[in-house]
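In this text the structure is predicted, and so the values were computed from the model without any measurement.
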Amino acid sequence: MTRAFAEPSGGPARAAARPSAPAVRASTETVQVLVINGGDPYLPAFLAIDGAMRRAMAERRPGPVVWLNESIDTLRLGAAPSPILAELLARKYAGVRIDAVLLVTESAVDFYLQHRQQLWPQAPALYHFVAPDYAARLPAAAGLSGVPVHVDYAGAVRLALALQPHARRALVMAGVSPFDDVQAAGFRAALDAERKRLAAEFVVGEPLGAAAERLAHLTDDTIVLYASLFRDRDGNVYVPRAALETLGARSAVPIYGVFESQIGHGLTAGAIESLADRGALVADLVRRALAGELAPATVEPPPAARCVADGRRLERFGLTARWLPADCEIRFVEPGFFQRYAWQSVLVGLAFVAQSLLIAALLLQRRRRAAELSLQAQRVQLLHASRLAVAGELTASIAHEINQPLAAILSNAEAAELLLHDGRADRDELLAILSDIRRDDLRASEVIERLRALLARHDTQRRRFDLNGAVEAAAAILRAEARRRHVAVDYDLRARRAEVLGDPVQIQQVLINLVLNALEASAEQPPAARRVRVETRDSATAATLTVRDFGAGIAADDLVRVFDPLFSTKRSGMGLGLTIVRSIVEAHGGTIAAAAAGPGAEFRVVLPHAPQADTP
Ligand code: ADP
């Protein structure tokens, strides 16, 4: 088996057969460059490098370049290419002029050095995507120039620790192919330097399904580092990026890595080299070699590794980009509220403006009764629109909450199918599986039912209802969102006479708006301070609902202004949430006030008890 990243095995005697003066090609002449890839040239990273290399070459060299491609694929398959392959290539290209040979990965360099006498000894040979120490060990007499790759494993570990400072354990996910081994070894060395802070664990060769399941059950005291998964111990072959997508979809914690092609496909952050920069560097090297401008055995420094993160995944795990280095590039930043809900925002805004204009016009005409009725209708519409907007904010967590029982149903159904196929079906076991399926189905439909109740368009109700019950219904809707943002929400519902008169769905909306603000205010806090407290209490005449957080709090000057329409200190805030909350509370005959509560903010809603005699 050829080692993918190992000692150069060309042997000095043969390697010394370097041409003394390769033919120089004028920059307008057509040239033919043969690329030999030691791996799968269709891997996303190679495709990205190749594309950038061709573009840069077309920009910098006036004459046409014909790219010829061969792959020996030992990186993935792990078998030594037979000398017959060299023979075959020599025959295939007999009579074809090769002006330069570009060797991608160490196994391609090894292969070439072994068979150079047969394979275009006159052409300049260049390499890239090899380890720096491998490049340093290449015999100088071979005269190979190239761009090694510096994979920044330690950088990835540092980023992980910046985002998960309380982590105590690091899990490295790797396969068993030669390349997978090299990646795992890189992380092993980086983790060794952190052994006082992190216990390192290596999951090597686990089949993809089991590995994904393992990640689904982790908690955020564990850092997951993705080495590479070309092959598992059962011999299944994967594209590492596609395997990462499966892991990323299931993982309960962020995954970190070192390759740019994996950003956007499951990594939360990585210390990575730009593939486009690499392509451009390699193109320049090839161009200089063709023009005879390159000194033999030139080693170009690789592009520097830098921090890149996936904004969507930071958001999914409730992480803030502020903990990353200031120059970290955040990709896939989710559009702000206004961009995402552009037309809904315009609608809500228009409804708001229309409402104000209408009130003014109707008041002017002293048609108060008509104005009230019309206002009522506008209000119902506005409240409904704002509930839809809130549901939009909760989409990610709701999808997750529905997905979980659906995934459980699927795996139970598959298990049952397997039992039936194998003829092992035991009636009791099948009954137990069916009962699990029914339970998970009910769980999913409960989530949908709760949402339907919140989102249905209905006229404002006026009935007697239990404040604690409304809080519990809203709590069920908020649960997944709080978990997603890693905020602990405690409910302490001690109001005994909690009956109020009005619309329970609107009171749910009040609580949802207040708690969402509190969750957002908690995001910047360290994990221990990410707490929100919801309380109900009662006095002789009224029930009180309090929402308290331990976030940045509210400046004294803003305590009253927060309820003003369009007042917002958030980048993509609309400044309507608290205005709507206050209008609902006042329509219920109640009051709301904001207070700075030591660290954090507190919102207190007071609602009068329903009169004893009132009937529903
Ligand atoms: P939005 O959330 O769109 O900004 P809101 O009307 O809900 O609109 O809130 C208005 C402003 O009140 C917010 O931008 C923020 O400055 C402040 N605010 C609301 N809740 C809190 C809180 N729990 N902690 C700190 N500030 C808050």
Out of curiosity, T536 OG1 to E472 CD, how far, rounded to the nearest 0.5 Å? 9.0 Å
R561 charged N/C atom sitting above F563 aromatic ring, 6.0 Å / 45°: no
Stepwise, does the salt bridge (Lys or Arg N to Asp or Glu O under 4.0 Å) test hold for E401 with R450? CA-CA 12 Å; E401 223 189 343; R450 281 200 303 266; 3.6 Å; yes
Check whether any side-chain N or O of D538 sits under 3.5 Å from a backbone N or O of A543 as a donor-acceptor pair, and report yes or no. no
For the residue pair R169 / T222, report whether a side-chain donor-acceptor contact shorter than 3.5 Å exists. yes
Between the CG atom in L467 and the CZ atom in R537, the distance rounded to the nearest 0.5 Å is 12.0 Å
Backbone of I592 reached by a side-chain donor or acceptor of R582 within 3.5 Å: no
Main-chain N/O of F567 paired with D564 side-chain donor or acceptor, under 3.5 Å: no
Between R531 and D549, does a salt bridge (Lys or Arg N to Asp or Glu O under 4.0 Å) hold up when you go through it step by step? CA-CA 6 Å; R531 277 190 297 131; D549 63 68; over 6 Å; no
Apply the test salt bridge (Lys or Arg N to Asp or Glu O under 4.0 Å) to residues K570 and E520: give CA-CA distance (whole Å), side-chain angles for both, the deciding distance (0.1 Å), then the verdict. CA-CA 10 Å; K570 297 173 193 167; E520 263 184 71; 3.6 Å; yes
So, the side chain of H217 versus the backbone of S251: is there a donor-acceptor pair under 3.5 Å, distance only? no
Measure the spacing between CD of E260 and CG of L267 and express it to the nearest 0.5 Å. 11.0 Å
Check the side chains of Q164 and Y256 for a donor-acceptor pair under 3.5 angstrom, ignoring hydrogens and angles. yes
Looking at R530 and Q525, would you say the former's side chain and the latter's main chain have a donor-acceptor pair under 3.5 Å? yes
Can any side-chain N or O of R313 pair as donor or acceptor with the backbone N or O of G248 at less than 3.5 Å? yes
Nearest 0.5 Å, what's the CD-NE2 distance between E481 and H400? 11.5 Å
How many angstroms lie between atom CZ of R443 and atom CD1 of I409, to the nearest 0.5 angstrom? 9.0 Å
So, S445 side chain and D441 main chain: donor-acceptor pair closer than 3.5 Å or not? yes
Which is it for T320 and E524 under the side-chain contact (heavy atoms from CB on, under 4.5 Å) test, yes or no, and what are the steps along the way? CA-CA 7 Å; T320 164; E524 302 289 321; 3.7 Å; yes
Under 3.5 Å, is there a donor-acceptor pair between the T268 and D310 side chains? no
The reported gap from CZ in R316 to CG in L314 (rounded to nearest 0.5 angstrom) is 12.0 Å
Go through the steps to decide whether R312 and E315 satisfy the test salt bridge (Lys or Arg N to Asp or Glu O under 4.0 Å), and finish with yes or no. CA-CA 5 Å; R312 294 166 306 191; E315 160 119 15; over 6 Å; no
